[in-house]
2 protein chains.
Amino acid sequence: MSFELDAYDRKILALLQENSRLGFSEIGRRIHLTSPAVAERVRRLEEAGVIEGFGARLNLRALGYTFEAFINITVESHDALDAWAASHHEVLALHATTGSHCALLHIAVRAPEHLQELIKSLGKIGKTTTSIVLSSQCGGRARLPADQLPKMPG
Amino acid sequence: MSFELDAYDRKILALLQENSRLGFSEIGRRIHLTSPAVAERVRRLEEAGVIEGFGARLNLRALGYTFEAFINITVESHDALDAWAASHHEVLALHATTGSHCALLHIAVRAPEHLQELIKSLGKIGKTTTSIVLSSQCGGRARLPADQLPKMPG
DNA sequence: TCTGAAATATCTCCACC
DNA sequence: GGTGGAGATATTTCAGA
């Protein structure tokens with residue numbers, strides 16, 4: 001993954017991070033490049049793995065999820081936890097971590113009873129400690145502005 | 001935020017979550033709808049706040065960030081923490097939480113020394129406990145598949 | 001690697017249902 | 001809310017530098 005980003009690449013990444021539906025022509029217009037040049041750069045950034053994909057940021061509440069929680073869990077078997085996470089659509093992310101617990105689960109739930117159910121289910125796999133999210137910043141939004149990106153990654 | 005999603009909406013959300021650069025025609029082709037119909041639905045979903053935006057999923061390593069960490073912090077003033085988060089591009093997310101600490105910071109760093117520097121800086125604001133992320137699943141990727149979305153959110 | 005031009009495909013209105 | 005068509009834009013490909 002050694003890929004040297006130049007100023008055009010960083011600008012393109014910043015624009016796509018903010019709005020990935022921008023057309024190549026529009027991007028080109030903003031950074032003073034023609035659309036084939038932008039298209040080729042985006043293709044290379046994807047190929048190099050710098051861009052992993054393009055997604056929509058969805059509002060969890062609009063999807064029926066009322067709040068989020070972080071569950072710290074200590075397990076014997078990570079496989080059992082992986083399987084649990086894969087089979088529960090409430091899981092936003094699962095991180096294996098260092099520290100007093102060995103994994104951190106980020107989940108979205110519909111109601112307190114729903115959270116209770118998940119905690120109870122997880123209880124069969126390991127020992128949990130749960131924190132409810134009161135408010136968030138940068139949740140899935142644009143981050144790491146291109147202006148501040150290192151010139152030589154790695 | 002009361003918006004009733006029908007089967008078309010859910011399919012559109014699933015497709016855009018997976019690849020937000022799909023054209024309206026292409027989406028229409030896959031769900032058997034014409035492009036103006038898809039465009040209109042996407043416009044309404046954005047207007048209703050169900051879709052908050054479209055972004056690129058970038059590889060943190062390619063951007064020069066070697067690993068991630070979660071920092072639990074207990075602070076007197078949330079304002080000071082908010083300001084700290086806003087001024088540090090390493091911050092992926094900041095969550096105010098319940099539990100033994102009052103906030104959880106998700107950050108990306110270039111090297112252990114870099115992390116140490118951030119922890120030291122945070123030490124002036126509150127008391128921290130840090131966990132390093134060893135591996136992640138679903139980090140920023142597609143989630144909440146449309147097939148499993150509730151028919152009536154809320 | 002970029003540009004410019006040509007062919008193809010897409011988006012955006014609009015009238016109609 | 002959806003369709004279908006027309007005009008304006010966009011994407012893609014390629015020759016040339």
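Below, chain A is the first sequence line, B the second, and so on; all start at residue 1. Just so we're clear, the structure is a prediction, and the values are computed from it rather than from any experiment.
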Give every residue pair that meets the ring pair (Phe, Tyr, Trp, His ring centres under 6.0 Å) criterion with at least one member in residues 20-64 of chain B, sequence neighbours excluded.
none
Are A/Arg43 and A/Glu40 ion-paired here, with the side-chain N under 4.0 Å from a carboxylate O?
yes
Summary of side chain to side chain donor-acceptor pair (under 3.5 Å) pairs that have at least one residue in residues 71-82 of chain A, sequence neighbours excluded
A/Asp82-B/Gln137
Per-helix bend value, the helix from C/dT1-D/dA17 to C/dC17-D/dG1, C1' rotation axes over five pairs per end, 10° rounding, shows 30°
For atom CD1 of A/Ile27 and atom P of D/dT11, their distance in whole Å
8 Å
Rounded to the nearest 0.5 Å, what separates atom CD in A/Glu52 from atom CG in B/Asn59?
4.5 Å
Carboxylate-amine/guanidinium proximity below 4.0 Å for B/Glu26 and B/Arg29:
yes
With ring pair (Phe, Tyr, Trp, His ring centres under 6.0 Å) as the rule and sequence neighbours excluded, what pairs involving residues 102-124 of chain A come up?
A/Phe70-A/His106, A/His106-B/His95
In 5'-to-3' order, the base (B), backbone-only (S) or no-contact (-) status of each nucleotide in nucleotides 2-12 of chain C, using a 4.0 angstrom heavy-atom cut-off, is SBBB----SSB
To the nearest 0.5 Å, atom CD1 of B/Ile73 lies from atom CD1 of B/Ile119 at 10.5 Å
Considering only Ile, Leu, Val, Met, Phe, Trp and Tyr, and joining two whenever side-chain heavy atoms are under 4.5 Å apart, list the other residues clustered with B/Leu134.
none
